[in-house]
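Structure record follows, encoded as structure tokens.
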Protein chains: 2
Amino acid sequence: MDALKKAVFGISPLSPIEEKAFMGAWKCWDLEKDHVLLREKMVSDYIYFVDKGIARIFYHKNDKEITEWIAMDQQFFLSITSFFQRSPSHLSIHTLEPARIYGIHHTDFMSLADRYHEVERLLRKMVTGSLILSQIRMDSIQFETAYQRYERLLRTYPEIIQRVPLMYIASFLGVTLETLSRIRSSR
Amino acid sequence: MDALKKAVFGISPLSPIEEKAFMGAWKCWDLEKDHVLLREKMVSDYIYFVDKGIARIFYHKNDKEITEWIAMDQQFFLSITSFFQRSPSHLSIHTLEPARIYGIHHTDFMSLADRYHEVERLLRKMVTGSLILSQIRMDSIQFETAYQRYERLLRTYPEIIQRVPLMYIASFLGVTLETLSRIRSSR
DNA sequence: TTGATATTTTGATATATATCAAATCAGGTT
DNA sequence: AACCTGATTTGATATATATCAAAATATCAA
């Protein structure tokens with residue numbers, strides 16, 4: 001719980017009452033490898049936080065699995081459109097390793113945000129941070145070569161190569177497995 | 001002011017006190033064509049709203065201007081990273097037509113969000129909407145062909161072709177002017 | 001250890017889009 | 001109307017990456 005609290009307070013600190021209410025709303029799961037956190041076409045109810053392990057967020061495009069995000073370290077993750085629009089998700093979420101994951105339910109988060117201004121502010125800052133990340137990722141996809149995207153990934157998450165099969169990394173980078181393999185052999 | 005109020009209330013309604021404080025914080029400008037709303041390297045202080053006219057948000061990449069967004073209709077627009085991180089913008093914003101633009105200053109918006117829970121909620125919902133748009137745009141760039149992106153643009157903003165020079169539309173779609181021209185001649 | 005399966009690499013070819021260059025076309029100004 | 005400048009189209013070629021196919025390698029269970 002300590003890592004979660006640290007991550008939350010790093011975004012926006014909470015006063016004691018709010019802290020108690022908010023931190024108390026998180027559930028904790030210890031999950032085996034390949035556990036399904038969200039299945040396509042379900043409405044996504046949780047914002048998650050990776051305490052340890054890895055989660056992979058992906059969807060299907062012409063029978064192929066496209067990895068949209070890989071969450072590790074002390075990262076938050078969610079199906080953005082499904083969680084906020086309360087619509088069926090086109091995303092699935094699986095663990096790639098045994099993992100300890102925290103989650104807070106949409107209903108709980110929203111009613112706390114309703115009740116406590118500070119929680120609303122926290123939520124706003126979380127969404128803002130996510131928006132900024134999304135902008136950076138968009139620029140990267142649009143204007144960097146596959147090689148540059150791979151280099152950027154290595155800089156940001158050096159250990160990802162050891163822990164995540166290349167096929168997932170490839171589609172996360174927006175290239176085919178074959179292209180990623182050639183990129184790697186050319187450095 | 002009516003269109004702005006409508007747009008705001010469409011996102012999240014405000015009670016009378018909050019409405020008065022929030023709506024009163026917006027400034028209004030009547031601008032000629034090619035007016036500079038934000039110059040590269042400045043910190044962006046405003047969230048803007050297009051009442052009428054068009055604004056173009058762009059930046060420079062190897063001497064070339066890349067159009068990142070075109071705001072028309074009743075749309076909000078801003079330099080996301082600069083506004084929220086209070087950092088120098090890599091974006092510039094110009095009007096493409098004579099325009100009536102509303103704007104609210106960062107300081108005012110933030111202090112209102114601090115004072116009024118309802119304004120904080122409104123801001124959170126605005127950022128959430130922007131995040132959802134950003135996700136959709138990212139998918140479009142990554143997985144649709146230039147032709148499909150053009151078709152999508154026509155569906156979303158049919159009048160944009162009449163009002164915005166193709167060179168700007170091309171870079172907004174992430175293709176060269178020549179490619180856009182060929183796409184158009186092939187339908 | 002031996003299979004059986006999943007993952008990664010290598011090779012040949014195809015394709016969408018970029019780049020460079022030149023030719024038209026359009027809109028405003030004198 | 002004639003001009004000028006900027007916008008758009010057309011053509012020839014180059015390039016990054018995808019696709020399809022097969023081989024090589026790693027992983028895991030019996």
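Residue numbers start from 1 in every chain, and the chains themselves are labelled A, B, ... in the order their sequence lines are given, proteins ahead of strands.
Comparing C/dT9, C/dA18, D/dT9 against the side chain of A/Ser181 picks out C/dT9 as the nearest. Proximity note for B/Met167 (side chain, C-beta onward) versus D/dA21, C/dT8, D/dA7: the nearest is D/dA7. Minimum atom distance to the side chain of B/Lys64 is reached by C/dT19, of the listed D/dT8, D/dA18, C/dT19. When the nucleotides D/dT9, D/dC20, C/dT17 are ranked by their closest atom to the side chain of B/Ala146, C/dT17 comes out on top. Side-chain proximity of A/Thr176 to the nucleotides C/dT7, D/dA18, C/dA21 is greatest for D/dA18. When the nucleotides D/dA7, C/dT7, D/dT17 are ranked by their closest atom to the side chain of A/Thr145, D/dT17 comes out on top. Proximity note for B/Arg149 (side chain, C-beta onward) versus D/dT17, C/dT17, C/dT10: the nearest is C/dT17.
At a threshold of 4.0 angstrom between heavy atoms, the contacts of A/Leu180 with the nucleic acid are absent.
Between A/Phe77 and A/Trp69, the distance separating the two ring centers is not shorter than 6.0 angstrom.
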Please tabulate, for the side chains in residues 34-48 of chain B, all donor-acceptor contacts under 3.5 angstrom to protein atoms that are two or more places apart in sequence or on a different chain.
residue	atom	partner	partner atom	Å
B/Asp45	OD1	B/Arg86	NH2	2.6
B/Tyr46	OH	B/Lys27	NZ	3.1
B/Tyr48	OH	B/Leu37	O	3.3

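Ring geometry for B/Phe76 versus B/Phe49: interplanar angle of 30 to 60°, hence tilted.
Here D/dA7 presents its P atom at 11 Å from CG of B/Leu166, a figure rounded to the nearest Å. Protein atom CG of B/Leu96 is 16 Å distant from nucleotide atom P of C/dG27, rounded to whole Å. A/Tyr147 places its OH atom 17 Å from the P atom of D/dA18, with the value rounded to the nearest Å. Rounded to an integer number of Å, the gap from A/Arg56 CZ to C/dT7 C1' is 14 Å. In this structure, B/Asp34 atom CG and D/dG6 atom C1' are separated by 13 Å, rounded to whole Å. In this structure, the CD atom of B/Glu178 is 14 Å from the C1' atom of C/dA16, given to the nearest Å. A straight line from CD1 of B/Ile169 to P of D/dA7 spans 13 Å, rounded to a whole angstrom. Going from atom CZ of B/Arg182 over to atom C1' of C/dA18 covers 9 Å, rounded to whole Å.
Hydrophobic cluster membership of B/Ile141, counting Ile, Leu, Val, Met, Phe, Trp and Tyr whose side-chain heavy atoms lie under 4.5 Å apart directly or via other members: A/Met138, A/Ile141, B/Met138.
Side chains of A/Ser140 and A/Glu144: a donor on one and an acceptor on the other come within 3.5 Å.
At the phosphate of D/dA18, OP1 or OP2 sits under 4.0 Å from a side-chain N or O atom of A/Thr179.
Rounded to 10°, the helix from C/dT1-D/dA30 to C/dT30-D/dA1 has 40° between the axis fitted to its first five pairs and the one fitted to its last five.
Clustering ILVMFWY residues whenever any of their side-chain heavy atoms sit less than 4.5 angstrom apart, transitively, puts B/Ile93 in a cluster other than the one holding B/Phe58.
Using a distance-only test at 3.5 Å, with no hydrogens or angles considered, a donor-acceptor pair links the side chain of B/Gln74 to the main chain of B/Asp51.
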